[in-house]
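Numbers restart at 1 for each chain; the letters A, B, ... are given by sequence-line order, proteins then strands.
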Number of protein chains: 2
Amino acid sequence: MLATMRPERADAARNRAKVLEAAAAIFAAKDPRAVTMDDIAKAAGVGRGTLYRRYPDVASIAVALLDEHEQRLQHDLLQGPPPLGPGAPPAERLAAFYAAMVDLLEAHGDLALATEVGGRRFEIGAYGFWRAHVMSLLREAEIATPEALADALLAPLAPDVFAHQRAQGLSPSAIKSALARLAAVLSRP
Amino acid sequence: MLATMRPERADAARNRAKVLEAAAAIFAAKDPRAVTMDDIAKAAGVGRGTLYRRYPDVASIAVALLDEHEQRLQHDLLQGPPPLGPGAPPAERLAAFYAAMVDLLEAHGDLALATEVGGRRFEIGAYGFWRAHVMSLLREAEIATPEALADALLAPLAPDVFAHQRAQGLSPSAIKSALARLAAVLSRP
DNA sequence: ATCAAAGCGGACACGATGTCCACTTACTTG
DNA sequence: CAAGTAAGTGGACATCGTGTCCGCTTTGAT
């Protein structure tokens, strides 16, 4: 029997909005890895219990915020124009994906960092999606055993790696260049 | 004026040994990321204050244990025989380094994971050493701007990445193969 | 044997987590 | 529109880990 999911109540919707808005501000304002459930509850003007009703931890709030921004990229990877979308050779598509991810990290690195708390970055968020994408590129490039390589190719996009590079003074474009070179592994044998 | 560092007192040395031994056992026994200062103090039979006297946090205890095992590799990279040490072409040296790191992670992945708590894996431990090594390989390969690429090439060796790959059922040798392919970026443009 | 200082360890204050439940609010139904 | 009810709220509570502090003990030099 299908659950005919009742629509969200008005006050619930109002609070969800307040929470997300406040959370976005806080992640931007202070070290995203140090943000606490209490910080967000206080800033949003709701009780902690209300927060826990929808989100099990801070990371999942950051994921909720980040998802919005990742949607467009996910769409473009599947159906957008080349080189991001289908049509271009795998190496070029990978490079384009890298560049897009760098832009995303540059714009929302704070949220990305916040998703890392607890150390389970492979289970939450969009990691599975990115991995599936890279896997398909690897298969298209006729690489024998793509599993391990997919994770290795995604590792440089870890939020903390990007943050570390930026903190060192490396520019987004410098990072893109480096990743473009990495993407070349899909070209030749 | 040079500090003529007095030698470590007998009871201090005894306790240091007890602590390291107990810590090694605990990191191996339970989730290394969940190990607490208290766990180690209890197991070692010392007070928490004693622990804090030498180690500021759990990660630094794991680093102390890991250092021992990393010493040999660090030595071989600098002065050992090729392809690990000097003499072989950069791409092969990088592949050899990757393979050695995989062996190290396979043997002491628990300690490596424990060094990651708090999320500052770039400041503690041997990251600086590995990075310097890769940087020198990149320069030898005459790569224009090695900074960003060095971090990208090291990212797949992050303990959590390795742990995730192993948990997925990927074998150490499969991971080595993937990394060997990555190392080829140093060959020919 | 004495003593200063190095080392020890547990108590303490604090901050974050996650749960629980009495109360309030929004929607539905008669 | 009144009343019922289920969803939603929020703060109190218990628990746990952290890091510090300080009176006591041990060590080794004199």
>> For a quick test of reading the model: is some side-chain N or O of N15(B) closer than 4.0 Å to OP1 or OP2 of dG7(C)?
In response: no

> What's the CG-P distance between D39(B) and dG17(D), to the nearest Å?
Replying inline: 7 Å

> dT18(D) phosphate, OP1 or OP2: any side-chain N/O from T36(B) under 4.0 angstrom?
Replying inline: yes

> Rounded to whole angstrom units, what separation is found between the CE atom of M37(A) and the C1' atom of dG15(C)?
Replying inline: 15 Å

> Nearest-Å distance, CG (D11(B)) to C1' (dG9(C))?
Replying inline: 13 Å

>> Taking the minimum atom-to-atom distance to the side chain of A10(B), which one of dT27(D), dT17(C), dC8(C) wins?
In response: dT27(D)

>> Nearest whole Å is fine: how far is dG10(D) P from R54(A) CZ?
In response: 10 Å

>> Nearest whole Å is fine: how far is dG10(D) C1' from Y55(A) OH?
In response: 17 Å

>> Take a 6.0 Å sphere around NZ of K42(B) and say whether it holds more than 12 heavy atoms from other residues, nucleotides or ligands.
In response: no

>> Nearest whole Å is fine: how far is dT17(C) C1' from K42(A) NZ?
In response: 13 Å

> When you check the phosphate oxygens OP1 and OP2 of dG8(D), does a side-chain N or O of T50(A) lie under 4.0 Å from one of them?
Replying inline: no

> Considering only side-chain heavy atoms of Y52(B), which listed nucleotide, dT18(D), dG8(D), dG18(C), is closest?
Replying inline: dT18(D)

> What is the distance, rounded to the nearest whole Å, between atom CG of L51(A) and atom P of dG18(C)?
Replying inline: 11 Å

> Between R9(B) and A13(B), is there a donor-acceptor pair closer than 3.5 Å when you use the side chain of the first and the backbone of the second?
Replying inline: no

> Backbone N or O of A114(A) within a donor-acceptor pair of the R33(A) side chain at under 3.5 Å?
Replying inline: no

> If you find the nucleotide of DNA chain C closest to D38(A) and the one closest to G49(A), which residue's nucleotide is nearer the 5' end?
Replying inline: D38(A)

> For the base of dT25(C), is there a side-chain donor-acceptor partner from R9(A) under 3.5 Å away?
Replying inline: yes

> With a non-hydrogen cut-off below 4.0 angstrom, is R14(B) in contact with a base, only sugar-phosphate, or nothing?
Replying inline: sugar-phosphate

> What is the distance from CZ of R53(B) to P of dC21(D), rounded to the nearest Å?
Replying inline: 13 Å

> Under 4.0 angstrom, heavy atoms only, what part of the nucleic acid is R16(B) near: base, sugar-phosphate, or nothing?
Replying inline: nothing

>> Could you report the tightest heavy-atom contact between M37(B) and V58(B), atom names first, then the distance?
In response: SD-N, 3.7 Å

> In terms of ring plane angle, is the pair F122(A) and H164(B) parallel, tilted or perpendicular, where the classes change at 30° and 60°?
Replying inline: parallel

